[in-house]
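Side chains are part of it too, since the values below use all heavy atoms of this structure and drop only hydrogens, waters and symmetry mates.
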Amino acid sequence: MDDGRGKVVGELLWMIPALVAGVCIFLFYLASHQYPAFGAGLYFRIAEEIVANGYALPERIPGYTADGVPFAYPPLMFYVLAVLQDLTGLRAVTIARFLPGIVSVAYLVPLYFLARDLLDSRTQAALAAFVVAVSPPVLQWHISAGGIVRAPATLFALTGIYAGLRLFRYAERRWLVPAMAAFALTILTHPVYTVFLAVSVLLLYVSFDRSVRGFAYGAAVAVGGVVLTAPWWAQVLATHDPAVFAAAAGTHGGIGSSIPTVEEFVQRFLGETLFLSIWKVVPIVGCLYLLARRRYFLPAWLATVILTVEKPRFVFLVGALVSAAFLLDGLLPRLRREAAALDREEMVAFSVVVFVVLGVSTGALYAAGGVDAHAGSPSLPQFVDDGEVSAMDWAERSTSPDARFVVLGDAAEWFPQQTGRTILVGPWGVEWEGQDAYREQLHQFRRTSRCENALCLSGELQQAGVHPDYVFVPKGKYTIRGIKKTRGEAMVTTMLFSPQYHLAFENDDVAVFRVADGWPTFDSSASAPEPS
C-alpha cells in the first residue's frame, strides 16, 4: 500500500513542472480575459436547445441563419453544458472562460504517462508535458472558448492512445475496455480528434505488435466504440441525409487535403514569429536525430499526423515528444560533456532555468493576448466586450423575439445565444449544410463585416438577398474571424444620414440601426465601393 502511494507521489513530482506551468498560464488568461477568447455561442445555444427538448437530440438549432442549422455535432460536451447550465445557472461566458482551461491542465496527466512509456524516461516525459503546456499552437485551440469541446477531446484522445500503447506494446489485455471507452468518448466529442486517435493507435499496432491477437484487440476497440456511439449517429443518419458528415468534412479540409507544397511550407515557416519558428525547428532537428539513431516511431507518428489531420495543435503535441527525446537524450548530454571540459557545469543548470522561464513567459504572454498572431492581431482575441454585451442586452429586452439581425464582426457568433434573436449572416454551424452553403455564408459574413459605409453595406445585403430588421455595427476596434480591424467614423455617419437606416441604440462601442421596411434599397446606378 505504502509502495503504491509512493509511486503515485513520485509520478506526481515529475508532472509538477507541467501542471504548475499550465495553471500559471491559465491564471494569466483569466486575468487578461473578461470574456472568453473566440466564440462558443453556438455551443451554448445547442445546450439550451437540448434542455428545451427534454434532453433529447434536437434536429436543428435556431438563430444561426434564417432557417437555423442542422444538429449533427458529436453531442457529449453539449450535454455536459446543458447539465451545468440547468443545475447551476452559471452564465455561458463564465463556463466558457473556466472549463477549457481546467481541462487543458487535466489532459497533461495522460500526456505525461503516454510520453513516459513511449520514451522510457520520466525526465523526457516531464519535458514533453511541459512543452505542450506552454505551446501557443496548442493553447490557441484548447484554452479558448472552443476548448469546451476540443480540450476534453484531447483528454479522451490521449487517454485512448495511452491505452493503445499498453495494448500493443505490452500486450496488457486489461486496457481493452479503457481503450474502447476512450474511443467512444472521443467519437462523441470531436471528429478530428477521433481521426487523430484512430491513426495514432493504428500506427502503434503497426510499430509494436502486428500480431493476430493485436489485430483482434484493435478491431474490438473500433467496433466497440462505434457500437457504443450508435444512439447518436444512428439518430443523425435517420434525421438528416447520410451525406451530412461528408458535407461538414469538406468545409474544413479532409484527410490529406491540406498538405502544403514546399513553397507553402516555406512561406508558413518564414511567416511565423521567431519564437514560434523555434517551436518548429526543434522537432524537425529532433526527427533527424531520431532517424539517425534508428528510432522510427516518433518521426513516423509526426509524419502521419501531418499527412492526416495536419492541424498545428496535433503537430506540436507530437512534436513535443520528439523535442523532449532530442533535447534530453541527444543535446543535453553533449552540453554536459562540453561544460565539464570547460569546468562550467553551472551553465547547463542556468540554461535549463532560462528555458523554463522563457517557456512559461511565452505561454503566459500568448494566453494574455500579448503576441501578434496574425497581421498585428492579438493572440486569443475576445469576440465580445462590455459595449457589445450591453447592446445585446438591449436587443434581448427591446426587440421582438422574431427580429432578424445582421451582426458585423465576430460578436455575431455569440449574438443568438446572448439575445435569443436570429442572425441572417454567419458561417457557424452551416458546415453541416455542405461546402457551398458554408463558403457562401463565410463570404457574406466577411464582406458585410468589412464595409466602411452605408452604401457598401446596402449593396452587400441586397446582393446576398438578406432582409434584416436590424444591423448591429461595432465601432472602433473589433475582429473578423479573429483578425483585428478598426472601423472609422464614416460607417456610422453615413448610416445616420441614410434614409434606409434609423438609429435604435448606441453606446461607445456599438450602434444598432433599424432597417427601413426591413430591406435596404440600393441604387443600382451607383456602384457600391469594395469593402476594405
Practice task
Could you walk me through whether Trp233 and Leu237 pass the side chain to side chain contact (heavy atoms under 4.5 Å, CB included) test, one step at a time?
Solution key: CA-CA 6 Å; Trp233 56 258; Leu237 292 177; 3.8 Å; yes
Practice task
Please tell me if the side chains of Asp385 and Glu388 come closer than 4.5 Å, counting only heavy atoms from C-beta onward.
Solution key: yes
Practice task
Report yes or no: do Asp386 and Tyr35 form a side-chain donor-acceptor pair below 3.5 Å?
Solution key: yes
Problem - Glu413-Tyr43 side chain donor-acceptor pair, cut-off 3.5 Å - result: no
Handout entry: Shortest non-hydrogen contact from Leu302 toward Gly319
Key = CD1-N, 4.0 Å
Handout entry: Under 3.5 Å donor-acceptor, Tyr29 side chain and Gly101 backbone
Key = no
Exercise for the section: State the CD1-CZ distance between Ile143 and Phe26, to the nearest 0.5 angstrom. Expected result: 6.5 Å
Practice task
Would you mind reporting whether Phe156 and Leu76 have side-chain heavy atoms less than 4.5 Å apart?
Solution key: yes
Exercise for the section: Can you label the angle between the His142 ring and the Tyr107 ring as parallel, tilted or perpendicular, going by 30° and 60°? Expected result: perpendicular
Exercise for the section: Working to the nearest 0.5 Å, report the span between CD1 of Ile187 and CH2 of Trp232. Expected result: 8.0 Å
Handout entry: side chain to side chain contact (heavy atoms under 4.5 Å, CB included) between Leu12 and Leu19, worked out
Key = CA-CA 9 Å; Leu12 180 61; Leu19 295 177; 4.2 Å; yes
Handout entry: Sub-4.5 Å side-chain heavy-atom contact between Thr65 and Val430
Key = yes
Problem - OG1 on Thr494 to CG on Leu455, rounded to 0.5 Å - result: 8.5 Å
Completion exercise
Closest non-hydrogen atoms of Leu111 and Ala128, given as atom of the first, atom of the second and distance, are CD2-O, 4.3 Å
Completion exercise
Output for pair (Ile50 CD1, Ile61 CD1), nearest 0.5 Å, gives 7.0 Å
Practice task
Identify whether the distance between the nearest side-chain nitrogen and carboxylate oxygen of Lys475 and Glu506 falls below 4.0 Å.
Solution key: yes
Exercise for the section: Using modelled atom types only, decide if a donor and an acceptor are shared between the side chain of Arg487 and the backbone of Tyr478 within a distance under 3.5 Å. Expected result: no
Handout entry: Short side-chain to backbone donor-acceptor contact, Thr194 and Thr186, under 3.5 Å
Key = yes
Practice task
Please determine, by modelled atom types, if Ser458 and Tyr501 share a side-chain donor-acceptor pair under 3.5 angstrom.
Solution key: yes
Exercise for the section: Tell me whether the centres of the aromatic rings in Trp394 and Phe472 are closer together than 6.0 Å. Expected result: no
Practice task
For the pair Arg97 (side chain) and Leu30 (backbone), establish whether a donor and an acceptor sit closer than 3.5 Å, ignoring hydrogens and angles.
Solution key: yes
Exercise for the section: Taking Asp410 for its side chain and Gly482 for its backbone only, find out whether a donor-acceptor pair lies under 3.5 Å. Expected result: yes
Problem - Phe513 side, atom CZ; Leu496 side, atom CG - distance, nearest 0.5 Å - result: 4.5 Å
Handout entry: Distance, nearest 0.5 Å, that separates NZ of Lys484 from OG1 of Thr479
Key = 11.0 Å
Practice task
Kindly write out the residues that satisfy salt bridge (charged side-chain N to carboxylate O under 4.0 Å, His left out) with Arg150, not counting sequence neighbours, or none if the list is empty.
Solution key: none
Exercise for the section: Please say whether more than 12 non-hydrogen atoms of neighbouring residues, nucleotides or ligands are located less than 6.0 Å from CZ in Phe28. Expected result: no
Practice task
Might you confirm whether atom CD of Gln85 has over 12 heavy atoms from other residues, nucleotides or ligands at distances under 6.0 Å?
Solution key: yes
Practice task
Heavy atoms only: give me the nearest His502-Ala516 pair and the separation to one decimal.
Solution key: NE2-CB, 4.0 Å
Problem - pair Arg313-Tyr193: side-chain heavy atoms closer than 4.5 Å - result: yes
Completion exercise
Between Ala21 and Phe130 the two heavy atoms that sit nearest each other are CB-CE1, 3.7 Å
Handout entry: Arg450, Arg446, Arg447 screened by salt bridge (Lys or Arg N to Asp or Glu O under 4.0 Å) with Glu460, the one that passes
Key = Arg447
Problem - Pair Glu48, Gln417: side-chain N/O donor-acceptor within cut-off below 3.5 Å - result: yes
Completion exercise
Heavy-atom closest pair (Val407 atom, Ser449 atom, distance to 0.1 Å) is O-OG, 4.5 Å
Practice task
Please state whether the rings of Trp428 and Phe445 are parallel, tilted or perpendicular, taking 30° and 60° as the class boundaries.
Solution key: perpendicular
Problem - Over 12 non-hydrogen atoms of neighbours within 6.0 angstrom of CG in Asn53 - result: yes
Handout entry: Heavy-atom donor-acceptor pair, Ser135 side chain to Pro137 backbone, under 3.5 Å
Key = no
Handout entry: Phe98 side chain reached by Leu90 side chain, heavy atoms, under 4.5 Å
Key = no
Problem - Test item: Val384 and Gln418 side chains (from C-beta on) under 4.5 Å apart, heavy atoms - result: no
Handout entry: Side-chain donor/acceptor of Arg404 to backbone N/O of His467, under 3.5 Å
Key = yes
Exercise for the section: Run the salt-bridge test on Glu433 and Arg60 with the 4.0 Å N-O cut-off and return the result as yes or no. Expected result: yes
Problem - Stepwise side chain to side chain contact (heavy atoms under 4.5 Å, CB included) check, Thr419 with Trp414 - result: CA-CA 9 Å; Thr419 65; Trp414 282 101; over 6 Å; no
Practice task
Verify the ring-centre separation between Trp432 and Phe71: is it less than 6.0 angstrom?
Solution key: no
Exercise for the section: Check the pair Asp86 / Tyr55 against side chain to side chain contact (heavy atoms under 4.5 Å, CB included), numbers first and verdict last. Expected result: CA-CA 11 Å; Asp86 202 15; Tyr55 283 86; 2.9 Å; yes
Handout entry: Distance-minimising heavy-atom pair for Val138 and Leu317
Key = CG2-N, 4.4 Å
Practice task
Check whether any side-chain heavy atom of Val466 lies under 4.5 Å from a side-chain heavy atom of Thr448, and answer yes or no.
Solution key: no
Handout entry: Beyond-backbone contact of Trp301 with Leu321, side-chain heavy atoms, under 4.5 angstrom
Key = yes
